[in-house]
Amino acid sequence: MGKILIIEDEKNLARFVELELNHEGFETEVRFNGRTGLEAALDENEVWDIVLLDLMLPELNGIDVARRIRQVSNVPIIMMTARDSVIDRVSGFDHGADDYVVKPFAIEELLARMRALLRRIEIETEENANRQTTVTYKDLTVEKENRVVRRGEDVIELTKREYELLVELMENVNVVLSREVLLNKVWGYETEVETNVVDVYIRYLRNKIDVPNRESYIQTVRGTGYVMRT
């Protein structure tokens, strides 16, 4: 069914998750601190389907592990943590997490999130294969094959979520997308993230792509959502 890397310092919890995933047919490996977990995640001889990553880890915390993984890999990451504030969730997503499960959690919830994430990735892979590889809007260009965003000749560095949000807007020019639609498209239908996270990421995106003293590329439609208009 897939190979899962569990990075969790609570050994009883790690063992419990490992046994349950093995019972479901997954192959698993466990690391008990951030540094060895990062080494396993970046091992060129391994192909992980999902990384289950604790936030509070010894030696290297989960945010740093996720950030370093994202520098070289798009492997799906589900954060496992007892910290569930909006700030903590935004920080996790901003550094590369794909989903979030709050401790204590039922194993059925974790399995459901894993299945949903794997389904979404499979669908996105199929959709990306059928979509155009370059998307343009005014002087913005997205080269989807290598995930490069340019304004004119300048390359703009975006996080994974910022990039996906921009592509969704650019592929739907003149279509007003609600916060709920953007949340479902970018974060997934089964995520528990609140819609105000979309507003946070729109602000991040504007700060990176907009030109000072010029109208924003992304227009706010009050009470509805966002749109990029021609």
Side-chain angles (χ1 to χ4, degrees), residues 55 61-74 76-77 79 83-100 120 124 127-128 130-189 191-230:
L55 181 60
N61 67 48
I63 294 295
D64 286 335
V65 172
R67 177 176 58 80
R68 296 190 190 186
I69 290 174
R70 277 294 168 261
Q71 290 174 351
V72 296
S73 171
N74 287 321
I77 298 172
M79 284 281 193
R83 298 170 61 176
D84 64 344
S85 70
V86 171
I87 292 175
D88 289 324
R89 293 189 183 197
V90 168
S91 180
F93 287 126
D94 196 33
H95 290 87
D98 294 278
D99 204 350
Y100 209 103
R120 179 161 62 87
E124 287 176 355
E127 289 179 346
N128 289 337
N130 296 325
R131 287 181 178 179
Q132 56 186 336
T133 58
T134 301
V135 185
T136 60
Y137 172 78
K138 296 184 179 179
D139 59 346
L140 290 178
T141 302
V142 175
E143 300 169 7
K144 295 177 64 177
E145 287 187 343
N146 51 16
R147 300 177 72 88
V148 171
V149 177
R150 301 179 189 275
R151 186 180 61 228
E153 297 298 321
D154 298 327
V155 175
I156 301 173
E157 298 293 337
L158 301 179
T159 66
K160 180 176 183 289
R161 295 294 181 189
E162 292 164 354
Y163 170 84
E164 292 174 350
L165 189 57
L166 178 62
V167 169
E168 197 63 40
L169 288 162
M170 288 178 65
E171 289 185 335
N172 291 278
V173 170
N174 294 324
V175 177
V176 178
L177 300 175
S178 69
R179 291 170 177 83
E180 290 78 10
V181 166
L182 289 171
L183 190 67
N184 290 338
K185 290 285 189 178
V186 177
W187 279 266
Y189 286 92
T191 183
E192 293 183 354
V193 178
E194 298 176 5
T195 55
N196 62 352
V197 170
V198 175
D199 300 325
V200 173
Y201 274 82
I202 289 288
R203 185 170 70 250
Y204 290 164
L205 195 50
R206 283 171 169 163
N207 288 338
K208 292 184 178 181
I209 68 174
D210 284 353
V211 178
N213 302 318
R214 277 174 45 183
E215 183 180 49
S216 176
Y217 291 96
I218 304 170
Q219 302 301 307
T220 302
V221 180
R222 188 174 299 276
T224 305
Y226 299 96
V227 64
M228 299 180 86
R229 299 189 191 277
T230 55

Visitor: With sequence neighbours left out, what residues match Arg70 under salt bridge (Lys or Arg N to Asp or Glu O under 4.0 Å)?
Guide: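 Arg70 satisfies salt bridge (Lys or Arg N to Asp or Glu O under 4.0 Å) with Asp98 only.
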Visitor: So does Gln71 have more than 12 non-hydrogen atoms from other groups sitting under 6.0 Å from CD?
Guide: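 More than 12 within 6.0 Å, yes.
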Visitor: Sequence neighbours excluded, which residues qualify as side chain to side chain contact (heavy atoms under 4.5 Å, CB included) partners of Val227?
Guide: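 Side chain to side chain contact (heavy atoms under 4.5 Å, CB included) check on Val227 returns Val176, Gln219, Val221, Arg229.
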Visitor: Kindly indicate whether the side chain of Leu55, heavy atoms from C-beta on, has any atom under 4.5 Å from the side chain of Ile63.
Guide: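 They are in side-chain contact.
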Visitor: Taking salt bridge (Lys or Arg N to Asp or Glu O under 4.0 Å) as the definition, give me every residue that meets it alongside Arg147, ordered by chain and number, with sequence neighbours left out.
Guide: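 With neighbours one apart ignored, the set is empty.
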Visitor: Rounded at 0.5 Å granularity, tell me how far CD1 in Ile218 sits from CZ in Arg206.
Guide: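 One gets 6.0 Å once the value is rounded to the nearest 0.5 Å.
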Visitor: Who pairs with Val148 by side chain to side chain contact (heavy atoms under 4.5 Å, CB included), at least two apart in sequence or on another chain?
Guide: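 Expected list: Glu143, Asn146, Arg150, Val155.
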Visitor: For Val149, check side chain to side chain contact (heavy atoms under 4.5 Å, CB included) against everything at least two apart and list the hits.
Guide: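 Side chain to side chain contact (heavy atoms under 4.5 Å, CB included) check on Val149 returns Val142, Ile156, Leu158, Tyr163, Leu166.
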Visitor: Should Arg161 and Tyr204 count as side-chain neighbours, where that means a heavy-atom distance under 4.5 Å?
Guide: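 SC-SC contact between Arg161 and Tyr204 ruled out.
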Visitor: Which value, rounded to the nearest 0.5 Å, describes the distance between Met228 atom CE and Asn174 atom CG?
Guide: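 Spacing of CE (Met228) from CG (Asn174) equals 10.5 Å.
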Visitor: Among all residues two or more places apart in sequence or in another chain, which pass the side-chain hydrogen bond (donor to acceptor under 3.5 Å, both in side chains) test with Asn74?
Guide: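 Partners of Asn74 under the side-chain hydrogen bond (donor to acceptor under 3.5 Å, both in side chains) test: none.
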Visitor: Between Arg151 and Asp210, which heavy-atom pair has the shortest distance, and what is it?
Guide: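 Heavy atoms only, the tightest pair is NH1-O, 3.7 Å.
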Visitor: Looking only at heavy atoms, what is the nearest atom pair of Ala97 and Met79, with distance?
Guide: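 That would be CB-CG, 3.6 Å.
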Visitor: Could you verify whether a donor N or O on one side chain and an acceptor N or O on the other, from Tyr226 and Asn172, lie under 3.5 Å apart?
Guide: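 Checked: Tyr226/Asn172 side chains show no N/O donor-acceptor pair below 3.5 Å.
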Visitor: Is there side-chain contact between Ile202 and Leu169, with at least one heavy-atom pair below 4.5 Å?
Guide: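 In short, these two side chains touch, coming nearer than 4.5 Å.
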Visitor: Who passes side-chain hydrogen bond (donor to acceptor under 3.5 Å, both in side chains) against Asn196, sequence neighbours left out?
Guide: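 Per chain and number, Asn196 pairs via side-chain hydrogen bond (donor to acceptor under 3.5 Å, both in side chains) with no residue.
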Visitor: Find the distance between OG1 (Thr133) and NZ (Lys144) and round it off to the nearest 0.5 Å.
Guide: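 NZ of Lys144 is found 8.0 Å from OG1 of Thr133.
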Visitor: Just verifying a value: how many Å separate Ile69 CD1 and Ile77 CD1, rounded to the nearest 0.5 Å?
Guide: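 Spacing of CD1 (Ile69) from CD1 (Ile77) equals 4.0 Å.
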Visitor: Partners of Thr224 by side-chain hydrogen bond (donor to acceptor under 3.5 Å, both in side chains), sequence neighbours excluded?
Guide: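 Per chain and number, Thr224 pairs via side-chain hydrogen bond (donor to acceptor under 3.5 Å, both in side chains) with no residue.
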Visitor: So, using salt bridge (Lys or Arg N to Asp or Glu O under 4.0 Å) as the criterion, who are the partners of Lys208 when residues are at least two apart?
Guide: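 Lys208 satisfies salt bridge (Lys or Arg N to Asp or Glu O under 4.0 Å) with Glu162 only.
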Visitor: Who pairs with Arg203 by side chain to side chain contact (heavy atoms under 4.5 Å, CB included), at least two apart in sequence or on another chain?
Guide: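 Here the qualifying residues are Val200, Asn207.
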Visitor: Please enumerate all residues that pass salt bridge (Lys or Arg N to Asp or Glu O under 4.0 Å) together with Asp64, with sequence neighbours excluded.
Guide: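 Expected list: Arg67.
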Visitor: Nearest 0.5 Å, please: how far is CG in Leu165 from CG in Leu182?
Guide: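 Interatomic distance, Leu182 CG to Leu165 CG, rounded to 0.5 Å: 5.5 Å.
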Visitor: Rounded at 0.5 Å granularity, tell me how far CD1 in Ile209 sits from CG in Asp139.
Guide: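 One gets 9.5 Å once the value is rounded to the nearest 0.5 Å.
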Visitor: Please name all residues satisfying side-chain hydrogen bond (donor to acceptor under 3.5 Å, both in side chains) with Glu164, sequence neighbours left out, ordered by chain then number.
Guide: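 Per chain and number, Glu164 pairs via side-chain hydrogen bond (donor to acceptor under 3.5 Å, both in side chains) with Lys160.
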